Amino acid sequence: MSREKTKPRKISRVFKAVAVIFAAVLTVAAGIAGGAVGLSYGVIAKDLDEQVRRVAELEANPSAPVNEADFADFDLSAQNPKINRIRVLNTHNSYRKRLTQYIDFFAGNFLPKSVYEELVYEHGALTDQLNSGIRSFELDLHSKNGKFSVYHISKIDCGSFAPDFGLALKELKIWSDNNPGHVPVTILLEYKNDPAFLDLFADKPDSAMLSRLNDAVATAMGEEKLVTPADVIGGYADMQSAIAAENWPTLNDAKGKFVFLLHYGDGVTDKYIGLDKSLKSLALFPTVYADSASDKRIDEYREYASYILCNTPDADGINALVSAGYIVRTRADADMRKPEAQRTAALSSLAQIITTDYEKGRALPAGDYYLDLGNGKTVSLLTF
């Protein structure tokens with residue numbers, strides 16, 4: 001009888017021990033998560049204060065104009081190619097600041113080294129990158145209560161040189177007004193729909209939100225500062241016909257302007273196109289993922305496609321797309337890895353936009369390696 005009575009006690013002690021350990025783990029996890037949440041608000045507020053001050057200073061005293069010819073491997077004043085014949089260097093997550101010390105500590109100690117290394121990078125402010133010759137950016141957008149913010153991941157990776165999207169647009173325009181002959185700057189906007197547990201109150205990417213985004217870009221930049229789908233379509237029946245005819249604006253017509261792209265996404269691209277299926281009143285170009293000119297996604301969006309995203313460079317596939325009239329963005333490196341084969345494939349292709357984490361002048365990762373388009377240039381002329 002006594003042995004039978006001890007069994008429940010042993011089970012009870014084991015259960016209590018497991019419960020205590022589980023509670024301790026939850027408490028630690030909650031503390032880390034709570035600290036991360038609290039820190040994220042502090043980071044965003046600090047970055048916003050810095051952005052407000054920087055943009056105000058730039059508005060009062062714009063940075064000195066650059067010599068655009070320093071960045072191009074061809075004579076910008078003597079040659080007038082169409083913009084699909086120009087290659088530019090693009091930075092990945094162009095707004096990004098390094099992880100905060102708190103998040104960096106836990107990421108460095110609890111994540112696999114290979115994953116942690118993907119997070120250790122930082123670019124400069126947008127004006128600094130423009131002054132160093134970067135002519136293409138990637139900005140991640142988040143929306144809450146109708147307001148657009150720019151950062152990577154809610155609560156976890158939210159350091160940003162451009163947390164307020166409206167101020168980011170203002171900064172870009174200030175620089176452009178002070179450098180009126182610059183090569184057109186391409187801005188790829190990606191709406192990040194984070195999981196609900198990271199942000200319960202994020203706006204869903206519905207038509208109303210996308211209409212606000214379209215209006216925000218159009219209003220902030222002004223018609224005179226934008227290359228739009230209507231400019232490419234011109235007198236053609238639709239974008240498909242215009243692309244087949246290579247009806248891109250010339251460099252001289254596009255100098256001093258911006259091209260805004262909407263990153264392809266399920267539930268985003270179709271809704272944005274649905275705002276105006278002719279595309280003629282839209283400020284942004286919808287993009288499409290594809291690996292070749294015969295990719296079925298091209299067929300799905302052929303009537304609207306102009307800019308193609310090819311994350312993994314395949315020279316033959318990219319070249320076929322470019323020959324068909326499209327502008328292609330590909331990646332020379334990704335996730336803080338710089339494999340020679342990928343870099344070679346990207347640069348040897350005809351892709352017009354080459355993305356990198358390793359532009360010259362970046363803050364992190366430290367080191368002498370950087371990517372350019374040859375001879376230190378960030379703008380080059382393609383022949384095909």
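Because the structure is predicted, anything quoted here is derived from the model rather than measured.
Checking Glu68 against Asn179 by side-chain atom types alone, no donor-acceptor pair falls below 3.5 Å. A side-chain donor-acceptor contact under 3.5 Å links Ser154 and Asp194. Side chains of Asn214 and Ser211: no donor on one and acceptor on the other come within 3.5 Å. Between Asp295 and Tyr289, the side chains place no donor N or O within less than 3.5 Å of an acceptor N or O (distance only, hydrogens not considered). When only modelled atom types and interatomic distance are considered, Thr91 and Gln129 share a side-chain donor-acceptor pair under 3.5 Å. Under 3.5 Å, the side chains of Asp333 and Tyr358 contain no donor-acceptor pair of N or O atoms. A donor atom on one side chain and an acceptor atom on the other are found under 3.5 Å apart for Trp175 and Asn131. A donor and an acceptor atom, one from each side chain of Tyr307 and Asn84, are nowhere located under 3.5 Å apart. Between the side chains of Arg329 and Asn311, at least one donor N or O lies within less than 3.5 Å of an accepting N or O.
A donor-acceptor pair is defined here as one N or O able to donate and one able to accept, closer than 3.5 Å; such a pair exists between the side chain of Asn247 and the backbone of Val232. For the pair Ser349 (side chain) and Ala315 (backbone), a donor-acceptor distance under 3.5 Å is absent. Listed for the Glu118 side chain is no donor-acceptor partner under 3.5 Å among the backbone atoms of Asp335.
By the 4.0 Å N-to-carboxylate-O rule, Lys296 lies too far from Asp299 to be salt-bridged with it. Remark: Glu50 engages Lys97 in a salt bridge, criterion side-chain N to carboxylate O under 4.0 Å. For the pair Glu246 and Arg85, the salt-bridge criterion is met [side-chain N within less than 4.0 Å of a carboxylate O]. One finds a salt bridge joining Arg212 and Asp203 here, because a Lys/Arg side-chain nitrogen approaches an Asp/Glu carboxylate oxygen to under 4.0 Å. Look at Asp70 and Lys377 and you find no salt bridge, because none of the NZ, NE, NH1 or NH2 atoms lies under 4.0 Å from a carboxylate O. Between Lys271 and Asp206 there is no salt bridge, since no side-chain nitrogen of the basic residue lies less than 4.0 Å from a carboxylate oxygen of the acidic one. A salt bridge is defined here as a Lys NZ or Arg NE, NH1 or NH2 lying under 4.0 Å from an Asp or Glu carboxylate O, and Arg362 with Glu122 fails to meet this definition.
Counting only heavy atoms from C-beta outward, the side chains of Val322 and Phe384 approach each other to under 4.5 Å. Taking the side chain as every heavy atom from C-beta outward, Phe148 and Met209 approach each other to under 4.5 Å.
The distance from atom OH of Tyr301 to atom CE of Met239, rounded to the nearest 0.5 Å, is 15.0 Å. Summarising the geometry, atom CZ belonging to Phe137 is positioned 8.5 Å from atom CZ belonging to Phe258; distances are rounded to the nearest 0.5 Å. Interatomic distance, OG of Ser207 versus CD1 of Ile273, reported as 11.5 Å (0.5 Å rounding).
No more than 12 heavy-atom neighbours from other residues, nucleotides or ligands sit within 6.0 angstrom of CG on Asn375. Crowding of Lys360 atom NZ: a count of heavy atoms from other residues, nucleotides or ligands under 6.0 Å not exceeding 12. No more than 12 heavy-atom neighbours from other residues, nucleotides or ligands sit within 6.0 angstrom of NZ on Lys277. Counted within 6.0 Å of CD on Glu224, heavy atoms from surrounding residues, nucleotides or ligands total more than 12; the atom is thus considered enclosed.
At a threshold of 4.5 Å between side-chain heavy atoms, the hydrophobic network of Ile, Leu, Val, Met, Phe, Trp and Tyr places Val120 and Met336 in two separate groups. Both Ile134 and Leu139 are assigned to one and the same hydrophobic cluster, defined by single-linkage of ILVMFWY side chains at heavy-atom distances under 4.5 Å. Under the 4.5 Å side-chain heavy-atom criterion for grouping Ile, Leu, Val, Met, Phe, Trp and Tyr, Leu364 is not connected to Leu371 through any hydrophobic cluster. Transitive grouping of hydrophobic side chains (ILVMFWY, heavy atoms separated by less than 4.5 Å) keeps Ile44 and Leu126 in distinct clusters.
A side chain to side chain contact (heavy atoms under 4.5 Å, CB included) with Asp140 is found for exactly one of Tyr95, Tyr151, Tyr191, namely Tyr95.
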Applying salt bridge (Lys or Arg N to Asp or Glu O under 4.0 Å), run through Glu59 and Lys170 and close with a yes or a no. CA-CA 9 Å; Glu59 190 171 26; Lys170 188 173 184 178; 3.3 Å; yes
As a quick check of understanding, evaluate side-chain hydrogen bond (donor to acceptor under 3.5 Å, both in side chains) for Ser278 and Asp276, giving each step before the final call. CA-CA 5 Å; Ser278 77; Asp276 178 3; 2.7 Å; yes
CA sep, side-chain torsions, deciding dist, call: Phe161, His123, ring pair (Phe, Tyr, Trp, His ring centres under 6.0 Å): CA-CA 8 Å; Phe161 283 103; His123 302 293; 8.8 Å; no
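Using the six-membered ring where Trp is involved, His92 and Tyr121 have ring planes that are parallel, under 30° apart on the 30 and 60° scheme.
Applying the side chain to side chain contact (heavy atoms under 4.5 Å, CB included) rule to Gln79 yields the partners Phe74, Asp75, Pro81, Leu381; only residues at least two apart in sequence or on another chain are considered.
Cluster partners of Tyr236, using a side-chain heavy-atom cutoff of under 4.5 Å among ILVMFWY residues and allowing indirect links: none. Through chains of ILVMFWY side-chain contacts below 4.5 Å, Leu48 is grouped with Val52, Val55, Leu58, Leu167, Ile174.
Heavy atoms only, all atoms of each residue included: Ile86 and Val183 are closest at CG2-CG1, 4.5 Å.
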